Amino acid sequence: MATTEHPPPSRLRAWMLEGLSDVGGHGGHTGPHAEPQPPHKGQRWWRVMCLTGVDYFSTLGYQPGIAALAAGLLSPIATIVLVVVTLAGALPVYRRVAEESPHGEGSIAMLERLLSFWQGKLFVLTLLGFAATDFLITITLSAADASTHLVENPHLTEVLHGKQMLITLILVALLGAVFLKGFLEAIGVAVTLVGIYLALNVVVVAVGLWHVLTAGHVVTDWTSALTAEHGNVFVMVGVALVVFPKLALGLSGFETGVAVMPHVQGDPGETEQRPTGRIRDTKRLLTTAAVIMSCFLIATSFITTLLIPENEFKPGGSANGRALAYLAHEYLGNAFGTVYDVSTIAILWFAGASAMAGLLNLMPRYLPRYGMAPHWARAVRPMVIVFTLVGFLVTWIFDADVDAQGGAYATGVLVLISSAAIAVTIAARKAGQRNWTIGFALISAVFLYTTVVNVIERPDGVKIGACFIVGIILVSLLSRLFRAFELRVTSVTLDPMAERFIRDMASRKLRFIANEPGHRDNAEYRDKVEQIRADNDMPEQEDFVFVEVTVTDPSEFEASLTVRGEVLHGRYRVLTLESASIPNALAALLLHARDATGCIPHIYFEWTEGSPFANFLRFYLFGQGEVAPVTREVLREAEPERARRPHVHTG
């Protein structure tokens, strides 16, 4: 395609857009594309488990406190319900997701394959809104809890009291600064953080259980209070089932576990087409992480409920958002407690890094492919700034409160898990696996119920999720509108007959007639040629080739183009194409013919009847409409040099 000299970009712009193939470009026929990243070396599955574990395991920093606030004395029983749902529900679902999407696409990609056209795009954008809620709240909630551990440390509480909002904003900004400088995913760092954090938690849990066992009245007091408050075991289980949706934060981490699949080493010699070892080891990763987390959830909910006074869990209490840290200081001393605080702050902050990396991998995977992202959205640094600013806004809205953000976080987590459960149910049904279909359908019902209850009880979660959804859809549609005249054909391939047509015409003039195919009989082509000659006052010896475009899925943005040639009725040469947009396909063909032959082609249209505005909407939504002026505009955008631009004639 055409190349035009442009002044070099400023240093700031070049730095911000580093990673784009045409940083200084203003045109380009396929738009900017990020340079391919070097392939990651595979890692052992347990090391990759630590990478997803910085998100999953870090929830121990706040989950016991949230469970105590939600369930009170029933916290251990409600946590057991959570563990059952984790092991019998979420784990089988995501083991199947790993099998169905071994390249880390996740459940969103599984559902995307089931739907096409605009409803599919809008559905994926909605899921992306909830995914953005999940990941962004992970960043802000983790930073808020890290600041809580810092502020409540006995050595620092007087100095930092009342400054939690400022500290949280600084942590979010620091996270953004790391990514602006350039973040390389360090699995070794994750292994170290997870290893130290889990080891410290083992110490806290062991000491807590020792105090529970040695102080016999603690268990007796707890069981007596439970019986007095709830009566019998059946009532307790029933209440635990009711409050279970409030504990949904303990289900986080599964989507991340699938997203890191490409890092799993797998078996020697296996191919990307059949990564059997990767799938097996990812299932092992998911199972091991779920079992470890389940053991910690049960143990920590038990000791925190029995050893921490109820008032300390409430806002303003010493255990609010930091129940295990409270026990570490209370029973192991301030020195050990400070070490525990530092470890917790580090893993919570690194959990935010994992979430930011997830956002940067997820959004560019879909939005640019839909044409629903601005030029700069393909670069890392502008997106980091956007996500950091949104993180500031969310932190300010929720006043850096861990409990207040729990609803929004749980909503994002539950929507993604529910979508995954539905996706694997459909996959099992298509595979003819009746028992798995029934099982996954029941799991889907459980998660849908949990999601609905969570939304009803904590509507702030769905409100902020809706804000993300509306924002993503609005920005996406506006971006696609502004990029409507961008030439988005990635490549053009001609079959031998099509090449022969263009090569033969190049000795004279390249003249094409854009034709909307009807009956494709002899009369249709004869009348069309006569009309074009009459409208343009051309002699009969002029030679033409017809071009016919069939619209496939107009919601697609970028695609390759295959051109096939055929001779109809013994005399009419016809090029047939399939594309999401008629004007883009025609413009791409003209530019390809020009570059292949060195001749400037001509194309002939007839005007489309109807309102220009209505015809533009038809083009925007359905890939057709007012074809002639849009083709000319696409060519103008793609080829700034007027002398090299193909000619468009309309009569």
Side-chain angles (χ1 to χ4, degrees), residues 51 53-63 65-66 132-153 155-186 189-190 192-194 196-197 200 249 252 256 315 320-325 337-360 380-381 383-406 408-409 412 464:
L51 181 63
V54 293
D55 178 18
Y56 194 23
F57 299 142
S58 68
T59 57
L60 289 172
Y62 47 82
Q63 175 70 14
I66 290 176
T133 304
D134 182 7
F135 287 124
L136 276 167
I137 297 296
T138 297
I139 294 171
T140 58
L141 187 148
S142 298
D145 195 48
S147 65
T148 299
H149 283 77
L150 197 61
V151 171
E152 296 295 334
N153 184 280
H155 299 297
L156 301 172
T157 184
E158 292 185 6
V159 178
L160 301 179
H161 181 71
K163 298 179 180 178
Q164 184 167 343
M165 171 71 79
L166 177 62
I167 295 171
T168 304
L169 292 175
I170 290 174
L171 289 175
V172 174
L174 182 61
L175 180 68
V178 171
F179 278 86
L180 285 176
K181 182 173 178 58
F183 176 80
L184 293 176
E185 200 170 59
V189 175
T192 302
L193 285 177
V194 169
I196 294 173
Y197 184 66
L200 292 174
L249 292 183
S252 66
T256 308
N320 181 251
R322 57 185 299 275
L324 292 177
T338 299
V339 173
Y340 185 87
D341 284 337
V342 171
S343 173
T344 304
I345 291 168
I347 196 169
L348 285 168
W349 182 80
F350 207 74
S354 176
M356 179 71 84
L359 280 169
L360 295 173
V380 169
R381 291 189 176 103
M383 295 301 291
V384 169
I385 293 175
V386 170
F387 293 142
T388 302
L389 292 176
V390 175
F392 288 164
L393 179 62
V394 172
T395 299
W396 176 73
I397 291 174
F398 287 104
D399 197 28
D401 189 337
V402 175
D403 299 326
Q405 296 178 74
Y409 187 24
I464 192 169

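Residue numbers count from 1 along this sequence. Everything quoted here is computed from the prediction, not taken from an experiment.
Taking both residues in full, the closest heavy atoms of Trp396 and Met165 are given as CA-CE, 3.9 Å, listed atom of the first, atom of the second, then distance. Shown here for Ser58 and Val54, the closest heavy-atom pair between the two residues is OG-O, 2.8 Å. Residues Tyr197 and Phe57 share a closest heavy-atom pair of CE2-O, 3.5 Å. Here the shortest heavy-atom pairing between Ala325 and Asp341 reads CB-OD1, 3.4 Å. In this structure, Ser142 and Leu348 approach most closely via the heavy-atom pair CB-O, 3.3 Å. Between Thr138 and Asp134, the closest heavy-atom pair is OG1-O, 2.7 Å.
Here the side chains of Val151 and Lys163 are not in contact, with every heavy-atom distance at 4.5 Å or above.
Every residue was checked against the salt bridge (charged side-chain N to carboxylate O under 4.0 Å, His left out) condition with Asp55, not counting sequence neighbours, and none meets it. Residues forming a side-chain hydrogen bond (donor to acceptor under 3.5 Å, both in side chains) with Ser343 (at least two apart in sequence, or on another chain): none.
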Checklist entry - Where do Val394 and Leu136 land on the side-chain contact (heavy atoms from CB on, under 4.5 Å) test, with the steps shown first? => result CA-CA 8 Å; Val394 172; Leu136 276 167; 5.5 Å; no
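Atom CD1 of Ile66 is separated from atom OG1 of Thr59 by 9.0 Å, given to the nearest 0.5 angstrom. Note that CG of Leu150 and CD1 of Ile167 are 5.0 Å apart. Values are rounded to the nearest 0.5 Å. In this structure, Trp349 CH2 and Thr344 OG1 are separated by 15.5 Å, a value rounded to the nearest 0.5 Å. Between atom CD1 of residue Ile397 and atom OG1 of residue Thr140 there is a gap of 10.0 Å, rounded to the nearest 0.5 Å.
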Under 3.5 Å donor-acceptor pairs involving side-chain atoms of residues 168-177, not counting sequence neighbours:
| unit_1 | atom_1 | unit_2 | atom_2 | d |
| --- | --- | --- | --- | --- |
| Thr168 | OG1 | Ser147 | OG | 2.8 |
| Thr168 | OG1 | Gln164 | O | 2.8 |

